[in-house]
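Contents: one structure, followed by commentary.
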Amino acid sequence: MGYEQIQTASADGVLTITLNRPEALNAFIPELHRELADALKQAERDAATRVLVITGAGRAFCAGQDLKALEDLPPAGQPTGLQSLLRTSYNPLILRLRAMEKPVIAAINGVAAGAGLSLALACDIRIAGESAVFTCAFTRVGLVPDSGSTYLLPQVVGIGRALELAWTSRTVSAQEALQIGLVNRVVPAERVLPEAQELAGQLARGAATAIGLTKRAMYRGLTSDLETMLDYEAGLQEAAARTEDFREGLAAFKEKRPPRFTGR
Ligand code: LHQ
């Protein structure tokens, strides 16, 4: 599938996906959803893709739903189709990012608003540029947080902050985002993508099975209990221990050299 609304670039096990509607601050339209879904599906299947980086072209990360594409709303009280839009495009996107057993890093180069914030939250690690800003935006236009924000935002910043940010839609600076745990790192604007790709490269050279299973287990742990997770970890550890990478990791430790993982 040829892409117009996104750009993709692969290097050394890292797939970088750039949302590419800079004139609309990379707001979502159906074609962008379709292309992103296709790229993520391919990345899931492609063993050579170890880590993903998602970023935005131009000055924005993503401004959420393209509001101009919602112009033909019916009169108030009539069905709008938004429920179906969410169920068929946004929800599968968020679930796909979570289910993918590969790290996904958001390189947040500029504003992340509405479902663009949700997209960032659904990524595993967030690296923001100094000039990046965040806004829930949903309630400002009379909507509720969607695309996972009611679940993900309280998990990341705590319920009190999540409600405040959702109710006020106030703009959060990159520095505040760092302080409240909304992002992992803040770097100079021009370093956002390089830093994300460097971290991605480091993870891509890691033990792929262990890294993928770690993601699965950590997210499961958020909605589980200690006893269940102890048992679950034991099963995953057995799977990790059966890999060649574990043998290589042990050998490298004993030989006092860096490991050369193959992902097998
Ligand atoms: C946009 C957008 C945009 C179109 C900027 N759409 N053009 C909702 C409904 C249905 C189903 C699924 O889910 C959702 C979830 C949502 O995502 S709801 C929330 C949608 N997003 C927003 O409400 C954000 C709207 N945008 C803004 O508040 C501002 O543009 C932000 C804070 C993102 C950036 O502000 P500025 O840096 O001052 O830029 P700007 O406002 O001047 O925007 C630049 C251009 O981008 C401008 O176009 P123009 O032709 O006038 O130059 C905007 O209209 C366009 N743009 N966001 N979401």
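This is a predicted model, so every value here is computed, not measured.
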Heavy atoms, side chains only, cut-off 4.5 Å: are L213 and R216 in contact? yes
Quiz item: Hey, does the side chain of K215 reach the backbone of E101 with a donor-acceptor pair shorter than 3.5 angstrom?
Solution: no
Without swapping roles, check the side chain of D245 against the backbone of G263 for a donor-acceptor pair under 3.5 Å. yes
For A166 and P145 the tightest heavy-atom approach is CB-CG, 3.9 Å
Scanning both residues in full, the closest heavy-atom pair of A128 with F134 reads CB-CZ, 4.1 Å
Heavy atoms of A208 and R50 approach each other most closely as CB-CD, 3.8 Å
When rounded to the nearest 0.5 Å, the distance separating CG of L32 from CG of L93 is 9.0 Å
For E190, is the CD atom crowded, meaning more than 12 foreign heavy atoms sit under 6.0 Å from it? yes
* Asked: Do other residues, nucleotides or ligands put more than 12 heavy atoms under 6.0 Å from Q78 CD?
  -> yes
Distance col, row L52:CG vs L97:CG, nearest 0.5 angstrom, shows 8.0 Å
#### Entry: Crowding at CG, D225 (>12 non-hydrogen neighbours, <6.0 Å)
yes
By salt bridge (Lys or Arg N to Asp or Glu O under 4.0 Å), D66 pairs with (sequence neighbours left out) R21
Are the side chain of S169 and the backbone of A137 linked by a donor-acceptor contact shorter than 3.5 Å? yes
For Y90, the ring pair (Phe, Tyr, Trp, His ring centres under 6.0 Å) test, sequence neighbours excluded, returns F28, H33
Taking every heavy atom of N26 against every heavy atom of L19, the minimum-distance pair comes out as OD1-O, 3.0 Å
Next on the checklist: Tell me if the CD atom of E23 is crowded by more than 12 foreign heavy atoms within 6.0 Å.
Outcome noted: yes
Practice problem: Could you tell me whether a side-chain N or O of E248 sits under 3.5 Å from a main-chain N or O of P259, the two making a donor and an acceptor? | Solution: no
All heavy atoms of G110 vs all of A132, minimum pair found to be O-CB, 3.7 Å
Would you say that more than 12 heavy atoms from the other residues, nucleotides or ligands in this model lie under 6.0 Å from the CD of E255, or not?
yes
Fill in: Within 6.0 angstrom of R45 CZ, more than 12 heavy atoms from elsewhere
no
Practice problem: Indicate yes or no for a side-chain donor-acceptor contact from R257 to the backbone of F253 under 3.5 Å, with no hydrogens or angles considered. | Solution: no
Query raised in the report: How about S149 and S118: does a side-chain donor come under 3.5 Å of a side-chain acceptor?
Result: yes
Is there a chain of hydrophobic side chains (I, L, V, M, F, W, Y, each step under 4.5 Å between heavy atoms) that links I127 to V14?
yes
Common cluster, W167/L143, ILVMFWY with side-chain heavy-atom separation under 4.5 Å: no
Residues I17 and A39: closest non-hydrogen pair is CD1-CB, 4.0 Å
*Indicate yes or no for a side-chain donor-acceptor contact from N20 to the backbone of A57 under 3.5 Å, with no hydrogens or angles considered.*
no
- Task: Spell out, as yes or no, whether a donor-acceptor pair under 3.5 Å connects the side chain of N109 to the backbone of G58.
- Result: yes
Only residue of R34, Q42, E35 satisfying side chain to side chain contact (heavy atoms under 4.5 Å, CB included) with D38 is Q42
- Message: Determine whether a donor-acceptor pair (N or O, by modelled atom type, separation under 3.5 Å) exists between the side chain of R126 and the backbone of A120.
- Response: yes
